Protein chains: 2
Amino acid sequence: MLTFSISEENHIKAIYHLQHGDQSVSTNQLAAELNTKPASITDMMKKLKAKKIIHYEAYKGFKLTPEGRKTALMIIRRHRLWEYFLSEKLQFSWDEVHEVAEELEHVSNEKLINKLDEFLDFPRFDPHGDPIPDASGKIEISRQIALSELAINKVAVVCNVKDQSADMLDLLNHKSIALGTKLEVKKKFDFDGSLELKIGKQPLINISRQLAENIYVKI
Amino acid sequence: MLTFSISEENHIKAIYHLQHGDQSVSTNQLAAELNTKPASITDMMKKLKAKKIIHYEAYKGFKLTPEGRKTALMIIRRHRLWEYFLSEKLQFSWDEVHEVAEELEHVSNEKLINKLDEFLDFPRFDPHGDPIPDASGKIEISRQIALSELAINKVAVVCNVKDQSADMLDLLNHKSIALGTKLEVKKKFDFDGSLELKIGKQPLINISRQLAENIYVKI
DNA sequence: TAATATTTTTAGACAAATCTAAATAAATAA
DNA sequence: TTATTTATTTAGATTTGTCTAAAAATATTA
Ligand SMILES: [Mn+2]
Ligand SMILES: [Mn+2]
Ligand SMILES: [Mn+2]
Ligand SMILES: [Mn+2]
C-alpha cells in the first residue's frame, strides 16, 4: 500500500482545501498556502503525479484524482479527530488545537484512528464546526455559511472561524464572540459591508465586513 | 530552545537505553540497535556532539550529557504515556502499543504531554511495567528483575517482556504467561538454565533459560 | 611484539525536500 | 497582434540523513 511522507501529506491536504470541491489549483496558490516557493511545488507535483494522486500537465494546474481525494480525506479525518480529542478530553481551547493536530495527523495507523473515533463516540464535527470524515471517507456537507451571508433577523450559531491568527482571535475575544455563540444580524451597511449584531441581551455591537467574512455560522 | 529531528530523537533515546545507567556506548552497538550502519552513526554522533547532547571523542564511544539525558527522558515520557493511553483508553493489547508509540513520541508539544498525563491520572508505569518519567524528568527505579534471577519459591508478577517479536509472543501465549501473571520458580536446572514454574493452580510448566532472561518480574 | 582481526572513521555518493536565479510559457494590455 | 507582465518550469545548489567502500585506529592473538 502506497505511503506518503509528511510533506507529501501536507501538500495533498492543501490541494484538497484549495480545490473547494472541484476547482483546479495553481502552482502559486499552493505555494502561498504552504509558505513555500513555486519551484518547490512543481517538484512535488511531479512526484504526486507519478504516485497517481493528482492530474497534472505542465502549466495547467492540478486536481486530486479519486485516489488523491480519498487520501486527503483520511488525513483530514485524522486531523479533526485529534482536534476533537484535544478539545474534549484534554481541555485545549479551540484556537490551540490546530497546531498540535497538524503534527498528530501524520501518525497514520489505521487501528489507532478507528479506535480513537470509537473512544470519542464517533463525533461528527471538530471544534471548529468542520465535519469529520468517517472511516470510509464519507463527509457531511456542512450547512454553514459566512456570517456576512446571514439574512437579517435570523438566529444562528457560530461554528467555525476561517482565519485563526492571534490578531483575529484577539478581536473575537474583545467582541465576546466564540464558538457556540448565538447571534442575529440586525442591520447591514452597504457602504462598507459592516454589520450590527445582537448577542444575547448585550447592547448591539458592530463588526467589519472582513471579520464577518471569516466567521461561519450554522443555521 | 533546541529542537530535534525524529532521527535525532531516535538516536538519543537508543543511547539512553544502551547506557544502562552510565556505561559508554559504542558505534557498532548503536548501529545494531537502530538497524543502521556504523558510518551513519559516526555522522550522527558528530551532530549530537555539536548540540552538546553527548560526550564524544573519535574511537572512544559516547555518553549522554546531563542535557542529553534530560532530552532522552522526555522522549521516553512521551513514548510511555502514549503506550498507556493506547492500552488503557483505546484497548490496544500490550504487544501492539510500542509500534504506534514509536511515532507518537515525536510529537513534542509540552502542553499536550502534560495534559495527557493529567487525563490519564498520572500513571507511574507503562503497559510493559516500565516507569514513566514525570514532567521534570524524574523516573522511579523499577524493582524489576529478570525471571532467570528470581529466587526459588518467591512469588512475583510479570511486568515486562524484553523481546517482543511475534515468535516470543506466540511462545508466551502458549505458556499462558502475560503481563500481570503471578508466578513462582519451583526448580532451576543448572545444566541448561531452564526453570520449572508454578502459575496459579495449573500443573508446573517448564521454560528455557532464553525465555526466562526475557521475562521481567516485579517482586 | 608482530601479525591479524575488529572497530571506527573518512571519502564520496545518493535521495528527499527545499531554495535562488534564469528560462520559458501563458495571460494581459497597449 | 505585438509588447509587457505574470506564472510556471528548469537548472543548479544546499541540507539532512543515509549508504558503500576504503583507510585508519584499536584490540586481539600468536
Ligand atoms: Mn501537517
Ligand atoms: Mn479544525
Ligand atoms: Mn521513534
Ligand atoms: Mn513500553
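Chain letters run A, B, ... following the sequence lines, proteins first, then strands; residues in each count from 1. Here the structure is a predicted model, which means the values were calculated and not measured. Both backbone and side-chain heavy atoms feed into the values below; hydrogens, waters and symmetry mates do not.
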Among residues at least two apart in sequence or on other chains, which ones pass side chain to side chain donor-acceptor pair (under 3.5 Å) with [X]?
X        : result
B/Asn173 : none
A/Ser194 : A/Asp192
B/Asn206 : none
A/Asp117 : A/Arg77

Using a 3.5 Å cut-off and no angle test, enumerate the donor-acceptor pairs between side-chain atoms of residues 52-62 of chain A and protein atoms at least two apart in sequence or in another chain.
none

Strand partner of C/dA5, provided both Watson-Crick or wobble distances fall under 3.5 Å: D/dT26
Length of the [atom1]-[atom2] vector between [X] and [N], whole Å:
X       : N      : atom1 : atom2 : result
A/Met44 : C/dT18 : CE    : C1'   : 9 Å
A/Leu48 : C/dA16 : CG    : P     : 13 Å
A/Ile41 : D/dT6  : CD1   : P     : 21 Å
A/Lys60 : D/dT8  : NZ    : P     : 14 Å

Pick out the pairs of N or O atoms, protein on one side and nucleotides 12-15 of chain C on the other, that lie under 3.5 Å.
none

Looking for any heavy atom pair under 4.0 Å, which part of the strands does B/Lys46 touch: base, sugar-phosphate only, or nothing? sugar-phosphate
Checking all strands, does A/Phe62 fall into the base, sugar-phosphate, or nothing category for heavy-atom contacts under 4.0 angstrom? nothing
Just grab all the side-chain hydrogen bond (donor to acceptor under 3.5 Å, both in side chains) pairs involving residues 207-219 of chain B, residues at least two apart or on different chains. B/Lys162-B/Tyr216
Would you give me the side-chain donor-acceptor pairs under 3.5 Å for residues 118-125 of chain A, sequence neighbours excluded?
{"from": "A/Arg124", "atom 1": "NE", "to": "A/Glu140", "atom 2": "OE2", "distance (Å)": "2.7"}
{"from": "A/Arg124", "atom 1": "NH2", "to": "A/Glu140", "atom 2": "OE1", "distance (Å)": "3.0"}
{"from": "A/Arg124", "atom 1": "NH2", "to": "A/Glu140", "atom 2": "OE2", "distance (Å)": "2.8"}

Which parts of nucleotides 20-25 of chain C does protein reach within less than 4.0 Å, heavy atoms only, written one letter per nucleotide 5' to 3' as B for base, S for sugar-phosphate only and - for none? B---BS
Strictly below 4.0 Å, heavy-atom distances to any atom of DNA chain D: list the hits from residues 2-34 of chain A, or just say none. A/Ser26, A/Thr27, A/Asn28
Would you please confirm or rule out a distance under 4.0 Å between OP1 or OP2 of D/dC19 and any side-chain N or O of B/Thr36? yes
Short side-chain N/O contact to C/dT8 OP1/OP2 from B/Tyr56, under 4.0 Å: no
For A/His106 and A/Asn10, which I'm curious about, is there any donor-acceptor pair between the side chains at under 3.5 Å? yes
Check the side chains of A/His128 and A/His98 for a donor-acceptor pair under 3.5 angstrom, ignoring hydrogens and angles. no
Which residue pairs satisfy the salt bridge (charged side-chain N to carboxylate O under 4.0 Å, His left out) criterion with at least one member in residues 16-36 of chain A, sequence neighbours excluded? A/Asp22-A/Lys63
Who passes side chain to side chain contact (heavy atoms under 4.5 Å, CB included) against A/Ile139, sequence neighbours left out? A/Tyr16, A/Leu73, A/Arg80, A/Pro131, A/Pro133
